[in-house]
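For reference, the structure discussed in these notes is given below.
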Amino acid sequence: MNKTDFVSIQEYGLPKFKSELLEYTGKKRNEIISGNSDEAVVIRPENDNVISTSSVQFLEGIHFDLTYTPFHHLGYKLVTAAVCDIYSMNLTPVQIQIDIAAPNKFSVDMLKQFYKGVQKACEDYNIQHTGGDVSPSHHILVASASATGTGDEGEIVRHSGATVDDVICVTGDLGAAMAGLRVLLREKKAWQETGSDHFQPDLDQYEYVVQRQLVPRARFDLLEGFKKGSIRPGAMAGVTRGIVNDLQKIGKRSGTGIKLYSPAVPISYEVRNVADEMQEDVDKYAFYGGEDFEMVFTVREEEVEKLKAEFDDFSVIGKIVDRNNQFMINTGEDRTIKIDLFET
């Protein structure tokens, strides 16, 4: 970008910039009575529906690195992170508000790319973007999102609903986001070592894992499978901190133990290839990597085949057991790893 093309928000005018953001509305929802032009969003719940809210905050240098994160991918990922918790309660997100604080090192065009990513995510998740605030920042970009969802109170799924003998399932595959991050960090280091302003890494063979890191997608399709199969899971959580941490949360709040079968945990060959290149343990990617935004959930054993008829992108990876068993990982090699389920 030429310096003559770079326009900061200060030069452009904050009121003008905010007014232009009103075009990024996502998908119009009938539940939203007012949004964008009003100070607060007004939602009309239907019948006995409940309203759920979720919020996230991304800080430059902590949650994202703009060296390798395009602005439109950042906007998409922020929305994904905000709606994931609502989906994990078996509810439907309907609106989201985005707040950003941006320093003048970022141009108006850069920030509009961010909102184009927000727009794409809102379209994919069928939610309305109802505005938010834009303010100046001295040093780093800060982006936060607050999402609101609705649903039938009787359909709510909590972390505390797992019962003994439920089977533990997870959608998709795990560890890809961590593998993508490892590749991006390696390429950033190589670029820094060259000292060149023009460095173009070849990421073609890592496309799958890099996309899973930069543009993760929330698994709303699982909820559609539940609905078609008339299945209500016992407990459910988004895989945001790694499957071990997220299962610990379910075990603690349900007052149960967890038994995880390590060989059953789905890991793609792309993730295994990256772990081999890095000479690292691929299980650590899958168990502790986080940011996969898959769904881990529990159902009764007899419901597994019923769910497969409607939604088959999931694997059975364990079982809910008595609390006294705590958290056990069966490695499939006559060895069991025990984790203190109730440590803080």
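Counting from 1, the numbers follow the sequence of the chain as shown. The figures here come from the full heavy-atom set of this structure, side chains too, leaving out hydrogens, waters and symmetry mates. All figures in this text were calculated on a predicted structure; none of them were measured in a lab.
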Check side chain to side chain contact (heavy atoms under 4.5 Å, CB included) between [X] and all other residues, then give those that pass, not counting sequence neighbours.
X	result
Ala147	Ala82, Val83, Ile86, Ile96
Lys227	none
Lys228	Glu310

Salt bridge (charged side-chain N to carboxylate O under 4.0 Å, His left out) partners of residues 78-93, not counting sequence neighbours, each pair once: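 For residues 78-93: none.
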Do any pairs count as a salt bridge (charged side-chain N to carboxylate O under 4.0 Å, His left out) and have a residue in residues 263-278, sequence neighbours left out, and if so which ones?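 Listed by first then second residue: Arg186-Glu277.
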Partners of Phe311 by ring pair (Phe, Tyr, Trp, His ring centres under 6.0 Å), sequence neighbours excluded? none
Only pairs under 3.5 Å count here: list side-chain donor-acceptor contacts from residues 61-69, not counting sequence neighbours, and write none if there are none.
from, atom 1, to, atom 2, distance (Å)
His63, ND1, Leu59, N, 2.9
Asp65, OD1, Thr67, N, 2.8
Asp65, OD1, Thr67, OG1, 2.7
Asp65, OD2, Lys188, NZ, 2.5
Thr69, OG1, Asp65, O, 2.8

Shortest non-hydrogen contact between Gly175 and Asp292, atoms and distance: N-OD2, 2.9 Å
Run through the side-chain heavy atoms of Ile, Leu, Val, Met, Phe, Trp and Tyr, join any pair under 4.5 Å, and report what else lands in Tyr261's cluster.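 Reading the cluster by chain and number, Tyr261 sits alone, since nothing else belongs.
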Residues sharing Val321's hydrophobic cluster, by side-chain heavy-atom contacts under 4.5 Å among ILVMFWY, directly or via others?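 Direct or chained contacts put Val321 with none.
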Do we see a donor-acceptor contact under 3.5 Å between the side chains of Ser107 and Tyr12?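 No - no donor-acceptor pair under 3.5 Å links their side chains.
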Taking atom CD of Glu23 as the centre, does the number of heavy atoms from other residues, nucleotides or ligands within less than 6.0 Å exceed 12? yes
Under the salt bridge (Lys or Arg N to Asp or Glu O under 4.0 Å) rule, collect the residues that match up with Arg182, sequence neighbours excluded.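 Checked Arg182 against salt bridge (Lys or Arg N to Asp or Glu O under 4.0 Å); matches are Glu280.
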Would a 4.5 Å heavy-atom cut-off, applied to side chains only, mark Met110 and Phe6 as touching?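 Touching, per the 4.5 Å side-chain cut-off.
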Heavy-atom side-chain proximity of Phe114 to Phe106 below 4.5 angstrom: no
Between side-chain atoms of residues 159-173 and protein atoms elsewhere (two or more places apart, or another chain), which donor-acceptor pairs fall under 3.5 Å?
from, atom 1, to, atom 2, distance (Å)
His159, ND1, Arg253, NH1, 2.9
Thr163, OG1, Asp166, OD1, 3.1
Thr163, OG1, Asp166, OD2, 3.4
Thr163, OG1, Arg300, NH1, 2.9
Asp166, OD1, Arg300, NH1, 2.5
Asp166, OD2, Thr163, N, 3.1
Asp166, OD2, Thr298, OG1, 3.2
Thr171, OG1, Glu294, OE1, 2.5
Thr171, OG1, Met295, N, 2.9
Asp173, OD1, Tyr208, OH, 3.2
Asp173, OD1, Arg212, NH1, 3.2
Asp173, OD2, Tyr208, OH, 2.6

Can you list the residues that meet the side-chain hydrogen bond (donor to acceptor under 3.5 Å, both in side chains) rule with Asp133, with sequence neighbours excluded?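 Residues passing side-chain hydrogen bond (donor to acceptor under 3.5 Å, both in side chains) with Asp133: Lys18.
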Ionic contact status for Asp109 with Lys112, cut-off 4.0 Å: no
